[in-house]
Amino acid sequence: MHGRHGRPITDQDAHEINRVEELSYDLKTRDVMSTALRTASPEMPLSKVLDILRINRISGVPVLEEGNLVGILSLEDIVRAMEKNDLAATTSQYMTRDVALQKDYKEEEVRRYRASHLFEDIISERTTLVLRYTIKAGDFTQGGKASSHIKRALLRLGADPQITRRCCIAVYEAEMNLIIHTTNGGILKLEVEPHRITMSAADDGPGIPDTEKVFEPGYSTATEEVREMGFGAGMGLVNMKRCVDTIDLTSSVGQGTKLVMRIFIPDQPFGGRRDGETNELAKNH
Amino acid sequence: MNLQRIIDQLNLTVLTEPGDFESINPTGGYSSDLLSCVMAGAKKGHLWITLQAHLNIVAIAALNELAAIIITENAQPDAASIEKANQQGIVLLSTSRPTYEINGKLWELGIRNGMQ
């Protein structure tokens, strides 16, 4: 087996290269869309579209006419038709035609379709999707970039919007901490499994002398310059703790710091669309 | 109350590319210059009122899907920040007035959290 650069890969390399990660980012839309995407035509009866949605467990289809996108039909549109007992109607009577959004929608829908079925399509005893980002120390111009990639990835995977938001706040704080406080930057890592999301940030210094004090609201070691930018309010770890289900900070001065946070996912939202604001964990606590 | 009317009523300067501001309806607002607080406190569709004008405010607005950032007291973002905001579809607005006054005027216009 050979790595990306042609040299034989070591165990360490093998650990770092994650096949699923490569799949999700290296594949082009056109490589997969013809087989992956289910579509409807304008004259198709709604009852038939409903079958397509049900069989494929999807919540909507693009409507194509001679290869051109002319609309989108979602489950909601079908529900509207059902209320009027009108399932014999054609797709064109109930589809949404929003010309401005069509191109973006199509591309995003394809990406989401593909990603949201990842955990169903790949069978293993334990499937984990690992996203890894190298964060440079002091590089404020890239601040938030990894977090925004993580947000997009989670939404494409079909994650609940509330869970995505909690995850986003936590990884943004972790990303900025790597930029603001580390000597040589670090690695931000997201591991997605159907039942939980694990976020971690690791660096090789300078290390935190007191790992309890950093959880006190308002405690910060940021420089005056960084504070003027609105960072270093001493709310970073406080925010993170509030957003996640478990948080574990280990550090050794001169060696580095590792932060591991987990969010547990109720009802496995990946692969199935769930909207709504409910956060089962929050409700049960 | 759409964003275009807010821009007119508060006499705000649009720093980013012109857009269809009439179709943007802010759902509320959040005011702070501390970025961690904004991450945790501002919600999708909110206006963010701040003195901060550096590049990182764009990332915060994008992550939170904010309706626009109103930069107060004539703080000026640099060209790179404006360009990044344009790339990410973030609306940057500017005013000479202080944050407190902008908050008050927005409240008077009915931009209050929790409304739809």
Side-chain angles (χ1 to χ4, degrees), chain A residues 98 100-101 104 135 138-155 161-162 164-177 179-180 214-215 217-220 222 225-244 275 277, chain B residues 19-24 27-28 30-46 48-66 69-73 75-90 92 99 113-114 116:
Chain A
D98 192 333
L101 283 174
D104 286 349
I135 311 297
D139 191 0
F140 283 91
T141 61
Q142 301 297 316
K145 191 176 178 187
S147 303
S148 68
H149 286 161
I150 287 170
K151 179 181 181 181
R152 197 176 308 152
L154 286 173
L155 289 173
Q162 279 302 106
T164 304
R165 179 173 158 81
R166 289 163 62 201
C167 202
C168 233
I169 294 170
V171 295
Y172 178 78
E173 296 289 357
E175 182 181 359
M176 291 317 301
N177 277 350
I179 293 175
I180 296 167
V214 291
F215 283 97
Y219 177 80
S220 174
E225 194 185 1
V226 168
R227 284 174 200 242
E228 274 176 19
M229 292 172 77
F231 296 108
M235 293 304 289
L237 280 150
V238 181
N239 267 352
M240 288 186 234
K241 194 175 178 181
R242 212 177 275 158
C243 289
V244 299
D275 15 36
E277 306 275 290
Chain B
D20 182 14
F21 300 140
E22 285 181 5
S23 70
I24 301 173
T27 53
Y30 190 85
S31 302
S32 176
D33 302 326
L34 297 177
L35 306 192
S36 284
C37 296
V38 182
M39 271 309 290
K43 302 274 161 43
K44 181 177 178 177
H46 276 187
W48 173 21
I49 301 92
T50 181
L51 259 175
Q52 299 290 356
H54 56 82
L55 192 60
N56 289 272
I57 63 173
V58 177
I60 300 263
L63 277 167
N64 281 316
E65 296 171 57
L66 303 183
I69 306 174
I70 302 178
I71 303 168
T72 54
E73 297 195 36
Q76 281 301 315
D78 59 16
S81 304
I82 294 172
E83 192 191 328
K84 189 167 182 184
N86 280 327
Q87 280 168 10
Q88 307 214 357
I90 301 301
L92 296 183
T99 298
N113 296 351
Q116 283 306 312

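These values consider heavy atoms only, across backbone and side chains, with no hydrogens, waters or symmetry-generated copies. Letters A, B, ... are given to chains in the order of the sequence lines, protein chains preceding strands, and every chain is numbered from 1.
Heavy-atom distances place no part of B:Leu51 under 4.5 Å from chain A, backbone and side chain included. Both the backbone and the side chain of B:Ala40 have a heavy atom closer than 4.5 Å to some heavy atom of chain A. For B:Leu63, the parts lying under 4.5 angstrom from a heavy atom of chain A are both the backbone and the side chain.
Contact record, B:Leu55 with B:Ala80: CD1-O, 3.8 Å, taken as the closest heavy-atom pair. Of all heavy-atom pairs spanning A:Ala170 and A:Met240, the tightest one is O-CG, 3.8 Å. Counting all heavy atoms, side chain and backbone alike, A:Gly143 lies closest to B:Ala59 at O-CB, 3.3 Å. Residues B:Leu92 and B:Pro77 come closest through the heavy atom pair CD1-CG, 4.3 Å.
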Using only distance (under 3.5 Å, no hydrogens or angles), which donor-acceptor pairs connect chain A and chain B?
| unit_1 | atom_1 | unit_2 | atom_2 | d |
| --- | --- | --- | --- | --- |
| B:Leu35 | N | A:Gly230 | O | 2.9 |
| B:Ser36 | O | A:Asn239 | ND2 | 2.8 |
| B:Ser36 | OG | A:Glu173 | OE1 | 3.0 |
| B:Ser36 | OG | A:Glu173 | OE2 | 2.9 |
| B:Ala40 | O | A:Arg165 | NH2 | 3.0 |
| B:Ala42 | O | A:Arg165 | NH1 | 3.3 |
| B:Ala42 | O | A:Arg165 | NH2 | 3.3 |
| B:Gln52 | NE2 | A:Glu228 | O | 3.2 |
| B:Gln52 | NE2 | A:Met229 | O | 3.3 |
| B:His54 | NE2 | A:Met229 | O | 2.6 |
| B:Asn56 | ND2 | A:Phe140 | O | 3.4 |
| B:Leu63 | O | A:Lys151 | NZ | 2.6 |
| B:Asn64 | OD1 | A:Arg165 | NH1 | 3.2 |
| B:Glu65 | OE2 | A:Lys151 | NZ | 2.5 |
| B:Lys84 | NZ | A:Thr141 | O | 3.3 |

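Side-chain contact between B:Ile90 and B:Leu66 is absent, with no heavy-atom pair separated by less than 4.5 Å.
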